[in-house]
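Accompanying notes for the structure given below.
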Number of protein chains: 2
Amino acid sequence: MSIGCNDEPGMCLSLTDLFARIGDKWTLKVVDALVHRPIRYNEIHQAVAGISQRMLTRTLKGLEQDGLINRTMYLTIPPRVEYELTELGQQLIVALQSLYDWALVHQQAMSAARANVARTAQDEKLPPGHD
Amino acid sequence: MSIGCNDEPGMCLSLTDLFARIGDKWTLKVVDALVHRPIRYNEIHQAVAGISQRMLTRTLKGLEQDGLINRTMYLTIPPRVEYELTELGQQLIVALQSLYDWALVHQQAMSAARANVARTAQDEKLPPGHD
DNA sequence: CTGTATCCGTGCTGATACTG
DNA sequence: CAGTATCAGCACGGATACAG
C-alpha cells in the first residue's frame with residue numbers, strides 16, 4: 001500500500017504531479033461544470049461562482065493542454081466557443097469518484113477532528129486550576 | 001457522473017475541500033513517508049526530499065488536526081517523536097490508490113498532450129511557408 | 001461573446017537563526 | 001532531536017481595462 005511520492009523519481013511524478021495540475025483553486029470546479037455536456041465559455045463563468053475571466057481562461061487553457069478538454073470555436077457572430085471533456089477527462093472524473101465518495105463519508109470525521117483540536121487548543125489557553 | 005463541485009454548498013465542500021487540505025505542495029509526500037510504519041520527525045525530514053523544517057512541522061500539524069495522523073512523544077533524552085497514520089489516514093491512502101492508478105496509466109497521455117500543444121505553439125511562431 | 005494585458009495585494013514558501 | 005520565530009521572495013489569484 002503506497003502512493004509512491006517519495007520513491008523513484010518516475011513514481012513521484014504521478015500523484016504529486018496530478019495534484020499539481022488539478023489541485024489548484026479552480027480546475028476541479030471548472031471540470032465539474034463540463035461533466036454533463038459541452039458548454040460555452042460564459043456558461044462556465046456563471047456555473048463556477050466567483051471565478052474571474054483571467055482564471056477561467058487560464059484554467060481552461062491548462063486543461064486543454066493536458067488533453068482533458070477540447071475547445072471548439074464557431075466563427076459565428078457573435079463568436080461561440082464550446083468546451084467539452086475528452087475521453088481522458090471523463091476517465092479522470094471516474095477516477096475522482098472514489099476519492100469523492102471517501103470525502104463524502106469522511107469529511108465529517110476530519111471536521112470533527114479539527115474542531116476537537118481547536119477546542120483542546122482553547123483549553124490550553126485557559127489558566128490552569130482556576131477553580 | 002459528477003464530482004459535485006458546483007452543486008449545493010454542502011457538496012462543494014467535499015472534493016474541493018479535500019484538495020484544499022491535501023493538495024498542497026508537501027502533504028501527499030509526507031503522508032507517503034508514513035505509509036509503512038510509525039516514523040520519527042527527522043526520518044520524515046530525510047524521506048521527503050527538499051522540505052524545510054518549517055513546512056514539515058506545518059504539514060504534520062495540519063495532518064494531525066485533520067485526524068489523519070497521530071503524534072506520539074517520548075520524553076527521553078534526546079526527545080523522540082513518532083508519527084503514524086490513523087485509521088482515517090490509512091483509509092485515505094486506499095481512496096487515493098485509484099487516483100494513483102489512473103495517474104500511472106494516463107500521466108503519459110497528459111504529458112504527450114502537453115508536449116503536442118507545446119510543439120504546435122512553436123509552429124505558430126515560425127514564419128509560415130518558408131519551406 | 002471570448003478572450004488578453006497589466007497591475008497589485010495576499011499568502012505560501014524557503015532560509016536562517018534561535019529554543020527546550 | 002524536535003521544533004519555533006522571523007523575515008524576505010515569489011507565485012497565485014483578483015480587479016480592471018482593453019481587444020478581436
Side-chain angles (χ1 to χ4, degrees), chain A residues 5 16-17 19-31 33-34 37-66 69-84 117 120-121 124-125, chain B residues 5-6 12 16-17 19-31 33-34 37-66 69-84 117 120-121 124-125:
Chain A
C5 290
T16 298
D17 194 46
F19 268 67
R21 283 170 158 168
I22 70 172
D24 68 292
K25 189 172 180 182
W26 296 112
T27 297
L28 235 44
K29 299 189 176 190
V30 169
V31 166
L34 313 171
R37 64 183 185 289
I39 180 176
R40 297 180 59 174
Y41 182 88
N42 256 11
E43 292 182 287
I44 309 176
H45 198 190
Q46 291 162 25
V48 181
I51 194 172
S52 63
Q53 278 191 331
R54 174 186 150 86
M55 280 304 112
L56 178 52
T57 303
R58 255 168 163 292
T59 305
L60 288 169
K61 278 237 163 72
L63 285 168
E64 195 190 359
Q65 279 204 341
D66 288 340
I69 66 174
N70 280 327
R71 194 182 98 117
T72 312
M73 198 172 168
Y74 302 94
L75 292 176
T76 57
I77 296 179
R80 169 201 190 86
V81 179
E82 281 188 355
Y83 295 89
E84 62 183 338
V117 169
T120 302
E124 310 252 321
K125 284 180 184 169
Chain B
C5 290
N6 295 300
C12 182
T16 298
D17 194 46
F19 268 68
R21 281 170 157 166
I22 70 172
D24 69 291
K25 190 173 178 182
W26 297 110
T27 298
L28 235 44
K29 298 189 177 192
V30 169
V31 166
L34 313 171
R37 63 184 184 286
I39 180 176
R40 298 178 60 173
Y41 182 89
N42 258 9
E43 292 182 288
I44 309 177
H45 198 190
Q46 291 161 26
V48 180
I51 194 171
S52 63
Q53 277 191 330
R54 175 186 150 85
M55 279 304 112
L56 177 53
T57 303
R58 254 166 134 14
T59 304
L60 288 169
K61 279 236 163 71
L63 285 167
E64 193 189 1
Q65 279 204 343
D66 288 339
I69 66 174
N70 279 329
R71 194 183 97 118
T72 311
M73 198 173 168
Y74 302 94
L75 293 176
T76 57
I77 297 178
R80 170 199 189 87
V81 180
E82 281 188 354
Y83 295 89
E84 62 183 338
V117 169
T120 302
E124 311 252 321
K125 283 179 185 170

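Below, chains carry the letters A, B, ... as their sequence lines are ordered, and counting in each starts from 1. Note: hydrogens, waters and symmetry copies are ignored here, and every other heavy atom, side chains too, is used.
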- Message: Let me spell it out: for each of B/M55 and A/Q46, pick the nucleotide of DNA chain C with the closest heavy atom. Which residue's pick is nearer the 5' end?
- Response: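 The 5'-side residue here is A/Q46.
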Taking C-beta and beyond as the side chain, do B/I51 and B/V30 meet within less than 4.5 Å on heavy atoms?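 Sidechains of B/V30 and B/I51: in contact.
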Counting C-beta onward and ignoring hydrogens, is there a side-chain heavy-atom pair between B/I22 and B/V31 closer than 4.5 Å?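 With C-beta onward as the side chain, the pair stays apart.
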- Query: Can you name the salt bridge (charged side-chain N to carboxylate O under 4.0 Å, His left out) partners of A/R58, sequence neighbours left out?
  - Reply: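 Checked A/R58 against salt bridge (charged side-chain N to carboxylate O under 4.0 Å, His left out); zero matches.
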Item to complete: Using heavy atoms and a sub-4.0 Å distance, could you list which residues of residues 20-28 of chain A are near DNA chain D? By number, please.
Response: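 A/D24, A/K25, A/W26 - these, ordered by number, are the residues of the stretch whose heavy atoms sit under 4.0 Å from the strand.
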### Qualifying residues under side-chain contact (heavy atoms from CB on, under 4.5 Å), relative to A/R80, sequence neighbours excluded
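Applying side-chain contact (heavy atoms from CB on, under 4.5 Å) to A/R80 gives A/R40, A/Y74, A/T76, A/E82.
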Please report the interatomic distance CZ(A/R71) to CG(A/L60), rounded to the nearest 0.5 Å.
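Going from CZ on A/R71 over to CG on A/L60, the span is 9.0 Å.
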Please report, rounded to the nearest Å, how far the [atom2] atom of [N] is from the [atom1] atom of [X].
X	N	atom1	atom2	answer
A/R58	C/dA5	CZ	C1'	12 Å
B/Y74	D/dC1	OH	C1'	15 Å
B/H45	D/dC1	NE2	P	12 Å
B/I77	D/dA2	CD1	P	14 Å
B/L75	D/dC1	CG	P	17 Å
B/M73	D/dA2	CE	P	10 Å
A/I39	C/dC1	CD1	C1'	14 Å
B/I51	C/dT13	CD1	C1'	11 Å

Worksheet entry | By side-chain hydrogen bond (donor to acceptor under 3.5 Å, both in side chains) - contacts of A/T57 (at least two apart) |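 Per chain and number, A/T57 pairs via side-chain hydrogen bond (donor to acceptor under 3.5 Å, both in side chains) with A/Y41.
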For a quick test of reading the model, state the closest non-hydrogen atom pair linking [X] to [Y] and the distance between them.
X	Y	answer
A/H45	A/S52	NE2-C, 4.1 Å
A/D24	A/R21	OD1-O, 3.6 Å
A/V48	A/A33	CG2-CB, 4.2 Å

Over the length of the helix from C/dC1-D/dG20 to C/dG20-D/dC1, how much do the five-pair end axes diverge, rounded to 10 degrees?
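Helix axis angle between the two ends: 40°.
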Should B/R40 be listed as having a side-chain N or O under 4.0 Å from OP1 or OP2 of D/dA2?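 Yes, such a contact exists.
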Under a 4.0 Å heavy-atom criterion, the protein footprint on nucleotides 3-11 of chain D, written with B, S and -, is BB-B-----
